[in-house]
Amino acid sequence: AQSVTQLDSQVPVFEEAPVELRCNYSSSVSVYLFWYVQYPNQGLQLLLKYLSGSTLVKGINGFEAEFNKSQTSFHLRKPSVHISDTAEYFCAVTNTGNQFYFGTGTSLTVIP
Amino acid sequence: EAGVAQSPRYKIIEKRQSVAFWCNPISGHATLYWYQQILGQGPKLLIQFQNNGVVDDSQLPKDRFSAERLKGVDSTLKIQPAKLEDSAVYLCASSGFVFRDTEAFFGQGTRLTVV
C-alpha cells in the first residue's frame with residue numbers, strides 16, 4: 001500500500017521569498033508522484049508529476065519538485081512566490097497510475 | 001477539451017435526508033473516482049470505477065453510500081440517509097490509461113452541508 005505524509009500543515013512566507021513544501025511517501029513498489037493545487041472553492045489542479053526519467057520535474061506557475069528515491073521524498077519548491085500562490089497544496093502518489101492517494105495538504109499563505 | 005463536470009455545486013440538506021451527486025468525466029476516460037474531502041483534510045477515495053466496474057470501494061460506507069456508473073460514462077453518488085459527519089466536498093475525477101497522460105483530472109466538487 002502507498003501513503004503520503006506532508007510534514008507541514010501551514011506554511012506562511014513573504015512575497016518574493018522562496019518556499020519548499022515537503023512530501024514524503026512510503027511504498028514497496030515503484031511510484032508515480034504528483035503535486036496538486038487547490039484554490040478556494042475549486043477542484044484540484046495538477047501542478048506537476050513524476051512518472052520516470054529526470055528526477056527534477058518542472059511544472060506550471062514556476063513550481064518544480066525533485067524526486068529523491070533514497071529519501072522517499074518529493075518536495076515542491078518555488079524560488080519566488082507571488083500572492084496568487086496562496087492556496088492548498090496536495091502531494092499524491094500512485095503505483096499503477098490508477099489509484100491516487102493524497103496527503104493531508106499544506107496551506108501556503110503568501111504575505112505581502 | 002471539456003473538463004470533469006459535477007452538479008450541483010452546493011447542497012444543503014437535513015440529517016436523515018437523501019442526496020445525489022452527478023459526475024460527467026472527460027470523454028474517453030475509463031477510470032472515474034469519487035473522493036470525499038472534509039474541511040482541512042486531503043481527499044479520501046470513496047470509490048473507483050474502471051469503465052462500469054468497481055475497482056475499489058473499500059472506504060465507501062456502504063450502509064449509506066452508493067454509487068453507480070451506468071454505461072461506463074456518467075456516475076451518480078448517493079447518500080441515504082445523510083449524517084452530520086457527511087458534510088464535506090465531494091470531488092469527482094477521471095483519468096485515462098495512457099502512461100504519459102497519467103493524472104487525475106478533477107471537477108470543481110459539490111459542497112454538501114448536512115444540518
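Keep in mind that what you see is a predicted model, and the values were worked out from it rather than measured. A note on names: the letters A, B, ... follow the listed sequences, proteins ahead of strands, and every chain is numbered from 1.
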Checking an interface table here. Which of residues 103-112 of chain A come within a heavy-atom distance under 4.5 Å of chain B?
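G103(A), T104(A) fall under the 4.5 Å cut-off.
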
A quick test of your reading: do over 12 heavy atoms of other residues, nucleotides or ligands sit less than 6.0 Å from [atom1] of [X]?
{"X": "K11(B)", "atom1": "NZ", "answer": "no"}
{"X": "R77(A)", "atom1": "CZ", "answer": "yes"}
{"X": "L39(B)", "atom1": "CG", "answer": "no"}
{"X": "K62(B)", "atom1": "NZ", "answer": "yes"}

Quick one: side-chain hydrogen bond (donor to acceptor under 3.5 Å, both in side chains) pairs with a partner in residues 81-90 of chain B, sequence neighbours left out?
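Applying side-chain hydrogen bond (donor to acceptor under 3.5 Å, both in side chains) to every pair that reaches into residues 81-90 of chain B, excluding sequence neighbours, yields Q36(B)-Y90(B), R64(B)-D86(B).
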
Using only heavy-atom distances, determine whether the side chains of [X] and [Y] contain a donor-acceptor pair under 3.5 Å.
{"X": "T86(A)", "Y": "Y39(A)", "value": "no"}
{"X": "N68(A)", "Y": "S70(A)", "value": "yes"}
{"X": "S75(B)", "Y": "W34(B)", "value": "yes"}

Among L46(A), L44(A), V4(A), who wins on heavy-atom pairs under 4.5 Å with chain B?
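Among the listed options, the one with the most contacts to chain B is L44(A).
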
Using heavy-atom distances under 4.5 Å, tell me whether Q6(B) contacts chain A through its side chain, its backbone, both, or neither.
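Neither part.
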
Proximity breakdown for Q108(B) and chain A, heavy-atom pairs closer than 4.5 Å
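Both backbone and side chain of Q108(B) come within 4.5 Å of chain A.
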
Q38(A) versus chain B, heavy atoms under 4.5 Å apart: side chain, backbone, both or neither?
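Contact with chain B is through the side chain of Q38(A) alone.
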
Do you know which of L91(B), L45(B), D56(B) has the most heavy-atom pairs under 4.5 Å to chain A?
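Of the candidates given, the most pairs with chain A belong to D56(B).
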
